[in-house]
Protein chains: 4
Amino acid sequence: MANNNTTEERLLTAFSDLVLKYGYRGTTTKKIADVAGVNESTIFRHFKDKHGILNELVNKYLQDADQAANDFKPIGDIELDLIQGAKIYETFTTTHRSVFLIGLRESYQFPEIADAVRQLQQRFKKILVDKFTEMAESGEISSTVDIKNETDNFVLMIFGNVVLSFAYTDAELYIPSNQFLENNVRLFASHLK
Amino acid sequence: MANNNTTEERLLTAFSDLVLKYGYRGTTTKKIADVAGVNESTIFRHFKDKHGILNELVNKYLQDADQAANDFKPIGDIELDLIQGAKIYETFTTTHRSVFLIGLRESYQFPEIADAVRQLQQRFKKILVDKFTEMAESGEISSTVDIKNETDNFVLMIFGNVVLSFAYTDAELYIPSNQFLENNVRLFASHLK
Amino acid sequence: MANNNTTEERLLTAFSDLVLKYGYRGTTTKKIADVAGVNESTIFRHFKDKHGILNELVNKYLQDADQAANDFKPIGDIELDLIQGAKIYETFTTTHRSVFLIGLRESYQFPEIADAVRQLQQRFKKILVDKFTEMAESGEISSTVDIKNETDNFVLMIFGNVVLSFAYTDAELYIPSNQFLENNVRLFASHLK
Amino acid sequence: MANNNTTEERLLTAFSDLVLKYGYRGTTTKKIADVAGVNESTIFRHFKDKHGILNELVNKYLQDADQAANDFKPIGDIELDLIQGAKIYETFTTTHRSVFLIGLRESYQFPEIADAVRQLQQRFKKILVDKFTEMAESGEISSTVDIKNETDNFVLMIFGNVVLSFAYTDAELYIPSNQFLENNVRLFASHLK
DNA sequence: GATGAATGAGATTTCATTCAT
DNA sequence: CATGAATGAAATCTCATTCAT
């Protein structure tokens, strides 16, 4: 009864939130039911089993991933383009926190999810590499830039910050979004000009 | 009977390995006992309870952390110093994989461990910032370098690669140590010269 | 399925009966479940834990204790009054056998229960002493009666018989209720006339 | 190492003391070993199993019971004789606390011990009844005394006080030995003169 | 559609007991 | 004689899942 969404939505949200705190195993069906404000057995009317909740979220993740890839429209300015890319990456992973984390943490138990997350990284890298190669050819960025390794570094850096933001909510360690885009991403990009 | 170490060592190793695959909760005492080749109840003669195994590993982690901090001896060449730092960081986190991962994954359940891991990051950052500030003052690196933000970026990058190496054993995504130090860290450092 | 009471009632009854035979520790959750005719895990849906069963019985005990105290209405005839008192005491302790016994046997492990049982004795003693003091003042019983010590003796005697009745079901040792009230209590009272 | 008795004696004492606090089941072999200052496995060199410790104590109990019965030498003064009897009963039960308590508490699990304790009561009763019958015949006590029932009452009373003394160490409820013999037993006896 | 009651498998932990030294 | 290390059975408790209403 937490809000006026449908039961199914409330269950998905409850699951997502709890996974952040407790991991997949620690997210018990009882906790999910309590947070969603329904009876425990109601879960099983909506989903085949506990794994079914996760499957549903993975489906949404995969659909959204296509969308996010299409949303990225580099304009040929490396600084702005990296900021744009980081922003999309961050928004996407935050929206799909639970899937992202389960894919990372419990890769052995859910190889298909681990795979989906893995593909996100690869895809993101590829999009960047392709674009920058194109920009190098057209002279927009210096031909001395080591495109592959710089992209690796960039992706590792924004990945690292996202992981920290999920692990620790205090801002001591991870760098909050705005500041991260303004200072760190921009600084990183400046070396590629 | 897995090997000829003491029972306690075999238990610690078994626990450590299993946590990587299954997380803390997924690492059942039965699995630990099976892998270590002892009876389940033997665990409880060596450790107060399941948490006790973790405590023992955390103690070793904390001791080693002091050692690792002392091992870092920058020589005033930014490229070599960053490579050295990354190497120590990587060795340390790999040696203490299980504690590092539990601190990251299950921060809500084990706040003291989350804290120990957090402090490692902070400490590493501080050591680098202090050294580089010193080097900027003595002219060894350019005074235009944005020390704080570059260090942030560097730490995020190596942190990101370590996390990936734990999540995925295939080398498609994370970058294997040698290559990472030679290509990526060196490339990163080159911008600070 | 033992009978048609609610599951909770059946569990409480099973626990109560088993404690008589086996003590608290010896009353395993498996035995309770078997006697109540339910699955072991069902216990934990009705009570927080094993101790929770006992707590429930202690609550009933405390409620009933107030009732029993109010039920005692001495009429000024010492024989009839002691019989009435003994009868109420006996009925109460028999109804709450399990709590009474645990309070007695396992006082170190359950100090709050030991206390509740202790208070019952004290309260019973006080009610008798007060009433008899009053009767002595109004001349209904001889002023030479040593009220405090006689009450002590009386309480010890009926306490002793109740304890024996719980320990041994054969009538060789403890004296069955009717006979005890008719012969022993009456005899005791006759000395106070 | 607690004292310089033999290992076996130390084990018997440890067991005895612990049973008072924790009951038979709660008296674990580990606790016994700790209190006796020996290794847990040493217990099994001295006794077949945990039950064997108890058996040894029961043997001593039975031997002592014969002795105690012989020690009772009534002199024909009902007050002094009851005091003497109560004293012997008290001393004996206190010396053999653990057996007495186990016989009382865990009668279902150790029927032979329950029996031994039961027999003590019966025997004590019989000795008193026989002696008082004799005294009634010789005119030493009034022929109007209801010997059987008075003896019952007396035995219940001293039994009650002994049980309380084991359950509660504070003197609020049970009556300490000296005072009990001087006030309560004497008072009880005065009615039989 | 949703609930409440119950279940069975399995997790952690305790404890008496054995065995090699 | 005594110890330290290990065991197996059983105890308490958790959790995903089912079923009747």
Side-chain angles (χ1 to χ4, degrees), chain A residues 1 6-8 10-11 22 24-33 36-53, chain B residues 1 6-8 10-11 22 24-33 36-53, chain C residues 1 6-8 10-11 22 24-33 36-53, chain D residues 1 6-8 10-11 22 24-33 36-53:
Chain A
M1 289 144 189
T6 68
T7 297
E8 195 155 320
R10 292 209 312 278
L11 285 170
Y22 301 110
Y24 179 79
R25 276 185 118 96
T27 298
T28 66
T29 49
K30 182 173 186 339
K31 277 186 196 146
I32 300 169
V38 299
N39 187 280
E40 209 176 340
S41 61
T42 298
I43 293 171
F44 298 90
R45 290 189 56 77
H46 290 269
F47 304 96
K48 181 183 173 307
D49 53 19
K50 189 180 163 186
H51 198 141
I53 311 177
Chain B
M1 289 139 188
T6 68
T7 298
E8 195 154 320
R10 290 209 314 278
L11 285 170
Y22 301 109
Y24 180 80
R25 279 181 115 98
T27 297
T28 66
T29 50
K30 183 171 184 345
K31 277 185 196 146
I32 299 168
V38 298
N39 185 279
E40 212 174 338
S41 66
T42 297
I43 294 171
F44 298 91
R45 292 188 50 79
H46 289 268
F47 304 95
K48 184 186 172 308
D49 52 20
K50 191 180 161 185
H51 199 139
I53 311 177
Chain C
M1 290 141 186
T6 67
T7 297
E8 196 154 319
R10 291 210 312 279
L11 285 170
Y22 302 108
Y24 180 81
R25 277 180 117 100
T27 298
T28 67
T29 51
K30 183 170 184 345
K31 279 185 196 147
I32 298 169
V38 298
N39 186 280
E40 210 174 339
S41 66
T42 297
I43 293 172
F44 298 92
R45 292 189 49 78
H46 289 269
F47 304 96
K48 186 185 172 306
D49 53 19
K50 189 180 161 186
H51 198 138
I53 312 176
Chain D
M1 290 136 189
T6 68
T7 297
E8 195 156 319
R10 291 210 312 279
L11 285 171
Y22 300 110
Y24 180 79
R25 277 185 118 97
T27 297
T28 67
T29 49
K30 181 172 186 337
K31 278 187 197 147
I32 299 170
V38 299
N39 187 280
E40 208 176 339
S41 61
T42 298
I43 293 172
F44 297 90
R45 290 189 56 75
H46 289 269
F47 304 96
K48 182 184 173 304
D49 53 18
K50 189 180 162 186
H51 198 139
I53 311 177

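Small disclaimer: the values here were computed from a predicted structure and weren't measured. In what follows, every chain begins at residue 1, and chains take the letters A, B, ... in the order their sequences are listed.
- Base pairing of E:dA20: its partner is F:dT3, meeting the Watson-Crick or G-U wobble criterion (both donor-acceptor distances under 3.5 Å).
- For the OP1/OP2 pair of F:dA6 and a distance below 4.0 Å, the side-chain nitrogens and oxygens of B:N39 include no atom meeting the criterion.
- Side-chain atoms of A:D49 lie closest to F:dT17 of the nucleotides F:dT17, E:dA11, E:dA2.
- Checking the phosphate oxygens (OP1, OP2) of F:dT12, a side-chain nitrogen or oxygen of C:K50 falls inside 4.0 Å.
- Taking only side-chain nitrogens and oxygens, A:T29 comes nearer than 4.0 Å to OP1 or OP2 of F:dA16.
- In this structure, CD1 on D:I32 lies 11.5 Å from NZ on D:K30, to the nearest 0.5 angstrom.
- As a whole-Å value, the separation of D:K30 NZ from F:dG4 P is 12 Å.
- At whole-Å resolution of the value, CD in B:E40 and P in F:dA10 are 15 Å apart.
- If you take CZ of C:R10 and C1' of E:dA5, they are 12 Å apart, rounded to a whole angstrom.
- For E:dT14, the OP1/OP2 oxygens have no side-chain nitrogen or oxygen of D:T28 closer than 4.0 Å.
- Between the CZ atom of A:F47 and the C1' atom of F:dT18 there is a distance of 18 Å, given to the nearest Å.
- We find that CZ of A:R45 is positioned 17 Å from C1' of F:dA16, with the value rounded to whole Å.
- Atom CZ in B:F44 sits about 14 Å away from atom P in F:dT7, given to the nearest Å.
- When heavy atoms are screened at a 4.0 angstrom cut-off, B:T42 is found touching base atoms of the nucleic acid.
- D:Y22 places none of its side-chain heavy atoms less than 4.5 Å from the side chain of C:R25.
- In this structure, C:I43 places its CD1 atom 12 Å from P of F:dA11, rounding to the nearest Å.
- Put simply, D:H46 has no side-chain N or O that comes within less than 4.0 Å of OP1 or OP2 on F:dC1.
- One distance of note links CZ of C:R10 with OG1 of C:T7; it measures 4.5 Å at 0.5 Å rounding.
- Within 4.0 Å of B:R25, counting heavy atoms only, lie sugar-phosphate atoms of the nucleic acid but no base atom.
- Closest non-hydrogen pair, A:L11 versus A:F47, comes out as CD1-CE1, 3.9 Å.
- In this structure, A:Y24 places its OH atom 12 Å from C1' of F:dC15, rounding to the nearest Å.
- Residues B:K31 and B:T27 have side chains not in contact (no heavy-atom distance under 4.5 Å, counting atoms from C-beta outward).
- Of the side-chain N and O atoms in B:H51, none sit less than 4.0 angstrom from OP1 or OP2 of E:dT12.
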